[in-house]
Amino acid sequence: MAELELIARARRHASATALVSAAGSLSYAELLGRSAGAAAHLLDGKTDLAGARIALLLAPDAEFVVAQWAVWRAGGTCVPLSLQATAAEWDHVLRDARVTKVITSDSLTGRIRELCDSLGIGMLRTGFASGVLPEVAESRPGTLLYTSGTTSRPKGVVITHANVAAQVRSLVEAWDWSASDRIPLFLPLHHIHGLTNVLACALWSGATVEMLGDFDADRVLERVATGAYTLFMAVPTIYVKLVAKFDAAPAAVSAPWAHAFGELRLMVSGSAALPASLHARWEALTGQRLLERYGMTEIGMALSNPLQGERRPGSVGLPLPGVDVRLMDDDGQVIEAESQPGEIQVRGPGVFRDYFGREAESAASFDGSWFRTGDVAVIERGYYRIMGRRSVDIIKSGGYKLSALEIEAAILEHPAIAECAVVGLPDDTWGEAVAAVVVPRAGQQVPALPELRDWCRDRLSPYKLPRRLDIVAALPRNAMGKVTKPQVVKMLGEPAAPGRR
Ligand code: MCA
Ligand code: AMP
């Protein structure tokens, strides 16, 4: 029987350790066995889930992977939910994706039960049954990831099994993944960085993933110092947090960390701009030269500094294997020359199928077969360098992509606020920090920042909450009446248009 390549490959590593988590270790054979049983349980007598969207609200441990593989093997589409989301945010995803079931655990079920009941969505634990599993073609959708963009509410990115396979093959080749690799996982599993770059690449290669749960710098340092890993992948904010640990520790404590990081065969940074100063600092501390790469939920990874060769600070290197990249100017002309900025457009088998249920937006995001990323870059001395983004409404904070429009919509629900503009301001820890500028309603008192943050907590994930609040009499607007965000940034005394570095 033809089966998904990821599954077929896992059989070759049957006795190797796939996952290590607080609950214990799971070999590839056990992962295959448990996910087959869970798939049969999900099918519950049906022959194929036929793409039905099954959401996962599970901690990032072995149970998550068993459930993910079970959904895939039963022919379903996996919709991983953020553990930090509010009920309102889950409500959007569950409705938009037309989710039919939520797989959750005893400890999390209470958080989503009321919502599932109100939407008539069944909740399941991962169970076990025996039965025949369907053949699932690689061309079928396997994953639906929600990503914020230039629209207020996040959109569902439909990713086929073939898309993931192409993304993984490209990274396995470029970064030389093998069965002897061991990698820690501390990134969330509703985004590509943790889900594909770490988890899927490792399991494709027969490597071992140590699932550490939420990022905890002390725990990560303790494990790194034991020499447990060969690879390490993180967002720039995590490197900032690790540097802070080095700065705060006596040399006798930090020396083993420095040595262990220096021994890793590769350390990668991505999901947001890695400042050149942080690149240099990390190398000075550990002797390890970080490899920076660039990607996006819709395309997987597109550009990377080389494993062998120059890893240039402030640059994202060259197109990855199997990925075509071009720069397009505002007049629709492909840029061939160096030092001319243009929009990054990407083509290849890793590029997503479409936005779920959004035909017009899907069509508008492509130029023929080229996906328009909205990111602007230049080529300098042969390498791509990211300059910024076309949209002022996208903010990258600690690796999370946030929609300013979504945050504005939440803040505007406050009865004392008449107008609101949200912008990203340069920030040493988060890359960009969310700042809200508001105009009060006549005669009303706008709450102070801590109270406004608390008020927003029912509506927005904690990482979307504003970190700065300014109250003004009026927002700067252009002749059409549209708020001019570069002016808003200027009002706050920051350099116009948050730049890359
Ligand atoms: C946590 N907080 C944040 C963020 N994370 N605020 C703004 N931005 C954030 N990213 C808030 C917490 O809610 C808390 O607020 C306060 O900051 C202190 O939290 P702290 O403990 O310091 O943070 P943390 O829990 O250690 O989290 C930091 C983190 C996390 C580990 C960097 O944000 C993270 O896992 N980021 C990675 C996201 C990711 O995987 N992105 C990849 C997307 P309060 O005090 O109010 O409770 S995929 C992608 O971008 C593409 C494909 C690519 O290229 O990879
Ligand atoms: P996401 O939609 O969460 O997948 O975020 C993708 C976005 O993260 C890209 O469109 C870029 O704006 C940004 N990004 C990812 N990697 C880098 C990088 N190395 N440098 C600058 N921006 C990056």
Side-chain angles (χ1 to χ4, degrees), residues 60 80 82-84 145-150 154-155 157 159 167 171 185-199 212-220 233-242 244 268-276 279 290-305 313-317 343-344 346 350 352 371-377 384-391 394-403 407 424 427 429-434 449-450 453-454 456-457 460-467 498-501:
S82 163
L83 292 167
Q84 296 197 55
L145 292 183
Y146 274 77
T147 186
S148 294
T150 47
K155 299 190 285 265
V157 175
I159 300 169
Q167 293 174 9
L171 293 184
L185 175 62
F186 39 72
L187 294 168
L189 288 179
H190 61 291
H191 286 304
I192 289 224
H193 199 158
L195 200 63
T196 303
N197 293 22
V198 178
L199 189 60
L212 295 177
D214 291 344
F215 176 72
D216 171 346
D218 294 319
R219 175 90 181 115
V220 167
M233 295 182 193
V235 299
T237 300
I238 286 180
Y239 289 109
V240 172
K241 286 171 176 266
L242 293 174
V268 178
S269 175
S271 300
L274 177 72
H279 191 285
L290 295 175
L291 179 151
E292 185 174 4
R293 56 59 179 181
Y294 158 89
M296 195 173 180
T297 305
E298 287 88 336
I299 57 172
M301 298 303 110
L303 297 160
S304 173
N305 276 278
S315 155
V316 290
E343 181 188 44
I344 303 176
V346 177
F352 77 126
F371 174 69
R372 310 172 200 255
T373 64
D375 290 310
V376 176
Y384 285 80
R385 188 161 77 81
I386 312 285
M387 307 286 287
R389 283 180 296 274
R390 284 199 150 166
S391 169
I394 291 173
I395 299 169
K396 262 271 157 160
S397 171
Y400 283 115
K401 184 162 156 183
L402 314 180
S403 161
I407 302 171
D427 184 274
T429 299
W430 302 106
E432 288 176 310
V434 173
L449 179 63
R453 281 170 63 86
D454 282 343
C456 288
R457 276 181 203 277
L460 298 170
S461 297
Y463 53 82
K464 299 179 186 173
L465 302 178
R467 291 183 170 270
R500 178 179 154 83
R501 38 177 70 89

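Counting from 1, the numbers follow the sequence of the chain as shown. In listed order, ligands and their atoms are each counted from 1. From a predicted model like this one, the values you see are computed outputs, not experimental measurements.
- Each of L195, L83, V198 was compared with L189 under the side-chain contact (heavy atoms from CB on, under 4.5 Å) criterion, and only L195 meets it.
- Numbered from 1 in the order shown, with element, the atoms of ligand 2 that lie under 4.0 Å from a heavy atom of T147 read 2 (O).
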Which atom pairs, one a donor and one an acceptor, fall under 3.5 Å between side chains of residues 394-402 and the rest of the protein, sequence neighbours left out?
residue, atom, partner, partner atom, Å
K396, NZ, S271, O, 2.8
K396, NZ, G399, O, 3.0

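- For D216, there are no side chain to side chain donor-acceptor pair (under 3.5 Å) partners at least two apart in sequence or on another chain.
- Annotation: side chain to side chain donor-acceptor pair (under 3.5 Å) contacts of S403 (sequence neighbours excluded): none.
- Considering backbone and side-chain atoms alike, E292 places an N or O below 3.5 Å from some N or O of ligand 2.
- The nearest non-hydrogen atom to atom 11 (C) of ligand 2, considering only V316, T297, D375, comes from D375.
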Starting from the N and O atoms of ligand 1, find every protein N or O within less than 3.5 Å and list the pair with its distance.
residue, atom, partner, partner atom, Å
ligand 1, 6 (N), R467, NH2, 2.9
ligand 1, 8 (N), S397, OG, 2.5
ligand 1, 10 (N), S397, O, 2.9
ligand 1, 17 (O), R467, NH2, 2.8
ligand 1, 22 (O), K241, NZ, 2.4
ligand 1, 36 (N), G398, O, 2.9
ligand 1, 41 (N), G399, O, 3.0
ligand 1, 46 (O), R453, NH2, 2.7
ligand 1, 46 (O), R457, NH2, 2.9
ligand 1, 50 (O), S271, OG, 3.4
ligand 1, 50 (O), K396, NZ, 2.7
ligand 1, 54 (O), R293, NH1, 2.6
ligand 1, 54 (O), G295, O, 3.4
ligand 1, 55 (O), S271, OG, 2.5
ligand 1, 55 (O), R293, NH1, 3.2
ligand 1, 55 (O), R293, NH2, 2.8

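- Contact annotation: the side chain of F186 approaches that of I238 to within less than 4.5 Å [non-hydrogen atoms, C-beta and beyond].
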For this session: Show your working on side-chain contact (heavy atoms from CB on, under 4.5 Å) between I344 and M296 and close with a plain yes or no.
Result: CA-CA 11 Å; I344 303 176; M296 195 173 180; over 6 Å; no

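- Ranked by closest heavy atom to atom 19 (N) of ligand 2, the top entry among R293, K396, K401, H193 is R293.
- Considering only non-hydrogen atoms, atom 18 (C) of ligand 2 lies nearest to A272 out of G295, A272, G270.
- When atom types are taken as modelled, the side chain of S315 and the backbone of R385 share no donor-acceptor pair closer than 3.5 angstrom.
- You'll find the side chain of K464 stays beyond 4.5 Å of the side chain of V434, heavy atoms only.
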